[in-house]
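Written below as structure tokens is the structure these notes are about.
Chain naming here is simple, since letters A, B, ... match the order of the sequence lines and numbering starts at 1 in each. Model, not experiment: these values are computed from the prediction.
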Amino acid sequence: MSETKKDFLRAIVEEDLKAGKYEAVHTRFPPEPNGFPHIGHAKSIVLNFGIARDFNGQCNLRMDDTDPTKEDMKYVEALKDAVKWLGFDWGKKVYFTSDYFGKLYDYAVELIKMEKAYVDSLNEEEIREYRGTVTEPGRRSKYAQRSVEENLDLFERMKNGEFEEGAHVLRAKIDMASPNMKMRDPLLYRIRHASHYRVGEGWHVYPMYDFAHCLSDYMEGITHSLCTLEFENNRDIYDWVIETLGLKPPRPYQYEFARLNMNYTVMSKRKLLELVEGGYVNGWDDPRLPTIAGYKRRGYTPESIITFCEQIGVAKANSTVDVAQLEFCIRDDLNTKVPRVMCVLDPLKVTIENYEGSELLDASYYPHDVPKEGSRKLPFSKEIYIDRNDFSEHPPKGYYRLTPEQPVRLKHAYIIACKEVVKDAEGNIVEIKAEYYPDSKSGSDTSGIKVRSAIQWVDAASAKKAEVRVYDRLFKCEAPEGLDDLNPDSLKVIKNALIEPAVIEEKPDVRFQFEREGYFYADPVDYSDENPVFNKIVGLKDSWAKKEKPKPQPAKKQKQPKPVQKEGEVAPMSAEEQGRYDRFTHEYKLNPEVANTLARDEKLSHFFDEAVAAHESPVTIANIVANDVARVFKENGTDSLTFGAKEVAELAKMLDEETISSKIAKQVFEEMTATGKAPETIVEEKGLKQISNPAEIAPIIDDVIAKNPDNVAKYRDGNQKLFGFFVGQVLKATGGKANPKVVNDLVREKLEA
RNA sequence: UGGGGUAUAGCCAAGUGGUAAGGCAACUGGUUUUGGUCCAGUCAUUCGGGGGUUCGAGUCCCUCUACCCCAUCCA
């Protein structure tokens, strides 16, 4: 993990490792076994196991099974299958939160003893009511007053099953007025008399996610607990539990990333379940579903899914990935892997009138650009089938295939020409009578005939009948909202496709490219040699189809007039703020924006006044205070400042006297906030005084110009952007000390010369 | 409405004050016995809007806007 691009999570891990915060990284993939895994899980699996692999750490597979009413062993198996299928190794054992019920209970008891948790006996409705709303604080239940002894007794009896469900809950005692709703005395345990799929009947209380998850992470020695964005608000509880219990380090920290969304499909458990239970698809492994089982059954390779997950990256912005990206990954993977064979989806009979007998043609399984060996014999005789799409009686412009006037090559065989089109009573084409050119045999063609296209075909006598299931997007729109958006043509079953015999007799693979059609997979469930069934994995790119009927492209990007953005109202200033503002603008002649920033912030105003008292240079000081000091205040708060107004005044003075450049001033300021040293000392120690002597700067510029002839040419060619590049290079060469104004002038002068 | 997040091309996404990476999609052209692959090329004067600071801002400051998450005894 060095030269490859890092996502923000890997950056955090690397930094923590470098800082010695942990000895090794330890992640976990913690699904609740209450549904079948989908490609969103794959993203998380690839992330968690991938980070562990990249940094030589470990990744646990943990079933987060704290709700006995929802979970089931079949989901555990499905989850394990998914991880295994993707090629990751969870080590010795699968972890279960349910294995920690005992320890978790002990931690809860500890919290009660610390008076940080209490048994609440409000009912569900009351609890909701007491919680308040996002704008109003909640209020604490009277039961929060219970003594430690009473809480201990009650909690134990809850565990023993003495109470009805809902009679009591265990809650953390945090803050009912917290602006974070999650922190308003979150529930830790609830009573459930349900039987747990793993631990059975023993327990009558079950821990909640917020209590169990952080502690499970801690107990397993997890270092980085990665979860999706919707848990951002839960992070405070995560930290609270670990801190309140005073657990000894190292402890895990939670980081959040955006979950995967993809267009033309749905990803939520609820919606997926609706599709399956409603019979809109054929089970959890329906190849149209974005479930791991679906992709697997459809014929996707684990490699392609992993590549996809790596390509889309990990970030914090909610986004919807184009399914075309996934399709690219599987095509790209299969292109170099699978044999090419011929299958005719919509057969049209062709009789080659001047051909007699039969022969076996040599045909490689792989095209010239795939470095793999292997071939089969292709039977050829008088009667063959081609695809109906590959003949056109009245061809559109640009049609390369067979027409009454245009010959075509039969892939791996001869060139044929159409002699007669046979139609039925309704005028449908039922057969083509054709002629072949004996000297045009593939590999030894001396006919000199040029054709535009080579099409797939099968020999009538030896071809096998096959069922081909052609899948299209499950939904007809990018962001489906409900069942109404289902694509009625998402599954097309072709019963009478014809396939060359070698596919069944030789079985060179289970995945194939059906030449010129796409990639297909022998269905692992329904396939038999007697009744072959193939699933379409993905089609080939088809630039002819695109040309023939162009998609209704959303009107080309006309330089649209920028949508005017509504501007909200700015809160009016208080009298006090207004007073400061007036003073700053009149007395000190500050720019209104800067004055505004300062005036609206009491601490900044005060800081500013103090600094000006030390050095009478209001404008310079105001700029530093309103920009840089404001940032420090924002980031670190105003307590524990390492510098005071006096230091800022000194900095301003050096700036005013041009001892240092504004660029260096930023650097000095950083140093000042980090170490608390006086600006003069920093400048002195690091030798940061500005270089303004042109004689000193000029040779450096010459050097930069000499080293970048390409960019000089580009600049002189009119690429004005490069000006900044040269200035930057010169500044870099001088450690930022060159006076940028002088550099600018000199660079311009020399470049224009 | 309080709090927590996010905003860079049609879709993802790098980018930590000095030339707006990369992938997908799209579009040219070349090679091709797959209208595939491959190869060469095009595709952001600009980073949600407006101001400010700076020689220089996608990056720092102020402000506005839009979207997502939180008031399950789910996770």
Side-chain angles (χ1 to χ4, degrees), chain A residues 5 31-32 34 64 66-67 69-70 124 127-128 131-136 138 165-166 169 178-182 184 187 189-192 208-209 213 229-235 256 258 263 311-313 315-322 324-325 328 331 335-336 340 367-370 400-401 409 411-412 442 445 451-456 513 515-516 540-545 547 553-554 557 562 564-570 591 593-594 596-597 600 623-624 626-628 630-631 634 661-663 666 711 714 719-729 731-732 739-741 743-744:
Chain A
K5 275 272 157 48
E32 181 187 13
N34 71 340
D64 203 2
T66 57
D67 184 350
T69 63
K70 293 190 177 153
E124 208 172 328
I127 285 179
R128 185 163 41 243
R131 190 149 32 215
T133 68
V134 289
T135 46
E136 302 154 39
E165 287 190 9
V169 291
S178 171
N180 178 356
M181 294 295 293
K182 293 273 178 190
R184 321 252 255 227
L187 274 62
Y189 271 88
R190 75 290 216 191
I191 298 171
R192 283 279 178 279
M208 302 285 289
Y209 165 86
H213 203 94
L229 252 24
E230 66 268 29
F231 292 99
E232 276 170 330
N233 298 318
N234 299 59
R235 191 175 57 231
E256 309 86 15
N263 56 9
Q311 278 185 7
I312 58 174
K316 295 195 75 161
N318 281 311
S319 56
T320 303
V321 177
D322 193 340
Q325 186 104 28
F328 166 81
R331 271 192 212 108
N335 177 44
T336 54
R340 272 61 169 175
H368 63 96
D369 49 4
V370 173
Y400 291 171
R401 289 101 99 149
R409 172 172 297 279
K411 177 96 183 174
H412 297 123
S442 185
D445 183 357
V451 292
R452 307 295 301 266
S453 181
I455 62 172
Q456 75 274 26
Q513 185 191 106
E515 202 108 21
R516 301 208 306 137
L540 258 23
K541 281 179 80 173
D542 189 349
S543 49
W544 169 244
K547 207 182 294 178
Q553 285 286 335
K557 49 172 177 183
K562 267 186 192 166
V564 269
Q565 201 165 124
K566 195 173 63 182
E567 283 291 306
E569 258 173 57
V570 179
N591 143 348
E593 278 299 324
V594 174
N596 185 52
T597 304
R600 282 175 183 274
N623 285 340
I624 298 175
N627 289 289
D628 302 287
R631 191 183 85 244
K634 201 162 71 172
S661 67
S662 60
K663 186 187 178 75
K666 299 264 182 201
N711 281 341
K714 273 195 247 171
N719 191 345
Q720 296 291 319
K721 282 183 294 191
L722 255 22
F723 190 76
F725 164 75
F726 288 105
V727 175
Q729 290 297 306
L731 252 29
K732 198 168 151 193
N739 181 331
K741 281 180 203 139
V743 174
N744 269 278

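Spacing of P atoms, B:rC62 relative to B:rU6, comes out at 16 Å, to the nearest Å. If you take atom C1' in B:rG35 and the same atom in B:rC43, they sit 23 Å apart, rounded to whole Å. Spacing between B:rG49 and B:rC38 at atom C1', rounded to whole Å, works out to 44 Å. Atom name C1', nucleotides B:rU8 and B:rG30: the rounded distance is 34 Å, in whole Å. Going from the C1' atom of B:rG18 to that of B:rG50 covers 25 Å, rounded to whole Å. Nucleotides B:rC12 and B:rU19 place their C1' atoms 24 Å apart, quoted to the nearest Å. Separating the P atom of B:rA7 from that of B:rC47 is a span of 15 Å, rounded to the nearest Å. Here the separation of B:rC55 from B:rC27, taken at their C1' atoms, is 40 Å to the nearest Å.
When side chains are defined from C-beta on, A:Thr597 does not count as touching A:Asn627, because their heavy atoms never get closer than 4.5 Å. Within the 4.5 Å cutoff, side-chain heavy atoms of A:Arg340 are placed close to those of A:Val370.
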Letter by letter from the 5' end, nucleotides 65-72 of chain B scores (B base, S sugar-phosphate only, - none; protein heavy atoms under 4.0 Å) BS-SBSBS

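In this structure, the CG atom of A:Asn711 is 16 Å from the P atom of B:rG18, given to the nearest Å. Remark: C1' of B:rC38 and CG of A:Leu540 are 14 Å apart, rounded to the nearest angstrom. Atom C1' of nucleotide B:rU28 and atom NZ of A:Lys547 are separated by 12 Å, given to the nearest angstrom. The interatomic distance linking A:Lys732 (NZ) with B:rC55 (C1') rounds to 18 Å, in whole Å. Rounded to a whole Å, the CZ atom of A:Arg184 is 9 Å from the C1' atom of B:rG3. We find that CZ of A:Phe726 is positioned 12 Å from P of B:rU19, with the value rounded to whole Å. Atom P of nucleotide B:rU63 and atom CZ of A:Arg631 are separated by 16 Å, given to the nearest angstrom.
Side-chain N/O atoms of A:Lys721 and base N/O atoms of B:rG18 include no donor-acceptor pair closer than 3.5 Å. Between the side chain of A:Arg409 and the base of B:rU33 there is at least one donor-acceptor pair of N/O atoms closer than 3.5 Å. A:Arg235 contributes no side-chain N or O that forms a donor-acceptor pair with the base of B:rG4 under 3.5 Å.
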* To do: List the steps, then state whether salt bridge (Lys or Arg N to Asp or Glu O under 4.0 Å) holds for A:Lys316 with A:Glu232.
  => CA-CA 11 Å; A:Lys316 295 195 75 161; A:Glu232 276 170 330; 3.5 Å; yes

*Decide yes or no on side-chain contact (heavy atoms from CB on, under 4.5 Å) for A:Glu32 and A:Thr66, but give the supporting numbers first.*
CA-CA 8 Å; A:Glu32 181 187 13; A:Thr66 57; 5.9 Å; no

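Side-chain atoms of A:Arg184 come within 3.5 Å of backbone N or O of A:Thr133 as a donor-acceptor pair. At distances below 3.5 Å, at least one donor-acceptor pair connects side-chain atoms of A:Asn180 with backbone N or O atoms of A:Asn233.
Stacking of A:Tyr400 onto the six-membered ring of B:rG35 is present: less than 5.5 angstrom between centres, less than 30° between planes. Here A:Trp544 counts as stacked on B:rG35: its ring centre is under 5.5 angstrom from the base ring centre and the planes meet at under 30°.
Remark: B:rA20 base-pairs with no nucleotide; criterion is Watson-Crick or G-U wobble with both hydrogen-bond distances under 3.5 Å. When Watson-Crick and G-U wobble pairs are counted only if both distances are under 3.5 Å, B:rC67 pairs with B:rG5. Look at B:rG35: it lacks any Watson-Crick or wobble partner with both distances under 3.5 angstrom. In this structure, B:rC73 forms no base pair with any nucleotide, since neither Watson-Crick nor G-U wobble geometry is met with both distances under 3.5 Å. Using Watson-Crick or G-U wobble geometry with both donor-acceptor distances under 3.5 Å, B:rC27 finds its partner in B:rG41.
Every side chain to side chain contact (heavy atoms under 4.5 Å, CB included) that A:Asn711 has, sequence neighbours left out, goes to A:Asn708, A:Lys714, A:Leu722, A:Phe725, A:Phe726. The side chain to side chain contact (heavy atoms under 4.5 Å, CB included) search around A:Lys732 returns none, not counting sequence neighbours. Residues satisfying the side chain to side chain contact (heavy atoms under 4.5 Å, CB included) test with A:Asn263, not counting sequence neighbours, are A:Thr320, A:Asp322, A:Val323, A:Glu478. In this structure, the side chain to side chain contact (heavy atoms under 4.5 Å, CB included) partners of A:Ser442, at least two apart in sequence or on a different chain, are A:Arg409.
As judged by a 4.0 angstrom heavy-atom cut-off over every strand, A:Val321 is placed among residues touching the sugar-phosphate backbone only. As judged by a 4.0 angstrom heavy-atom cut-off over every strand, A:Thr336 is placed among residues making no nucleic acid contact. Within 4.0 Å (heavy atoms only), A:His213 reaches no atom of the nucleic acid at all.
Between A:Gln729 and A:Asp369, it is A:Gln729 whose nearest contact on RNA chain B lies nearer the 5' terminus. In terms of position along RNA chain B, the nucleotide closest to A:Lys714 lies nearer the 5' end than the nucleotide closest to the other residue of the pair A:Ala630 and A:Lys714.
For B:rG3, the OP1/OP2 oxygens have no side-chain nitrogen or oxygen of A:Ser178 closer than 4.0 Å. Between A:Ser661 and B:rC55 there is no side-chain N or O to OP1 or OP2 distance below 4.0 Å. At B:rU33, none of the side-chain N or O atoms of A:Arg516 fall inside 4.0 Å of OP1 or OP2 (strictly under the cut-off). Between B:rU54 and A:Lys741, no contact under 4.0 Å exists linking OP1 or OP2 to a side-chain N or O.
Among the nucleotides B:rG5, B:rC12, B:rG18, the one closest to any side-chain atom of A:Lys663 is B:rG18. For A:Ser453, the listed nucleotide lying nearest its side chain is B:rG35; candidates were B:rC62, B:rG35, B:rU37. Comparing B:rU34, B:rC74, B:rU37 by their nearest atom to the side chain of A:Arg192 picks out B:rC74. Comparing B:rA7, B:rU1, B:rG18 by their nearest atom to the side chain of A:Thr135 picks out B:rU1. Here the nucleotide nearest the side chain of A:Arg190, chosen from B:rA75, B:rC55, B:rU37, is B:rA75. Looking at the side chain of A:Phe328, the nearest of the listed nucleotides B:rC24, B:rU19, B:rA13 is B:rC24.
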Tabulated below should be each protein N or O lying under 3.5 Å from an N or O of nucleotides 51-53 of chain B; please produce it.
residue, atom, partner, partner atom, Å
B:rG51, O2', A:Glu593, OE2, 2.9
B:rG52, O3', A:Asn591, ND2, 2.7
B:rG52, N2, A:Asn627, OD1, 2.6
B:rU53, OP1, A:Asn591, ND2, 3.1
B:rU53, O3', A:Asn623, ND2, 3.3

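A salt bridge does not link A:Arg190 with A:Glu124: none of the charged nitrogens is closer than 4.0 Å to a carboxylate oxygen.
There is no side-chain donor-acceptor pair under 3.5 Å between A:Arg331 and A:Asn335. A donor-acceptor contact under 3.5 angstrom links the side chains of A:Asp67 and A:Thr69, judged on distance only.
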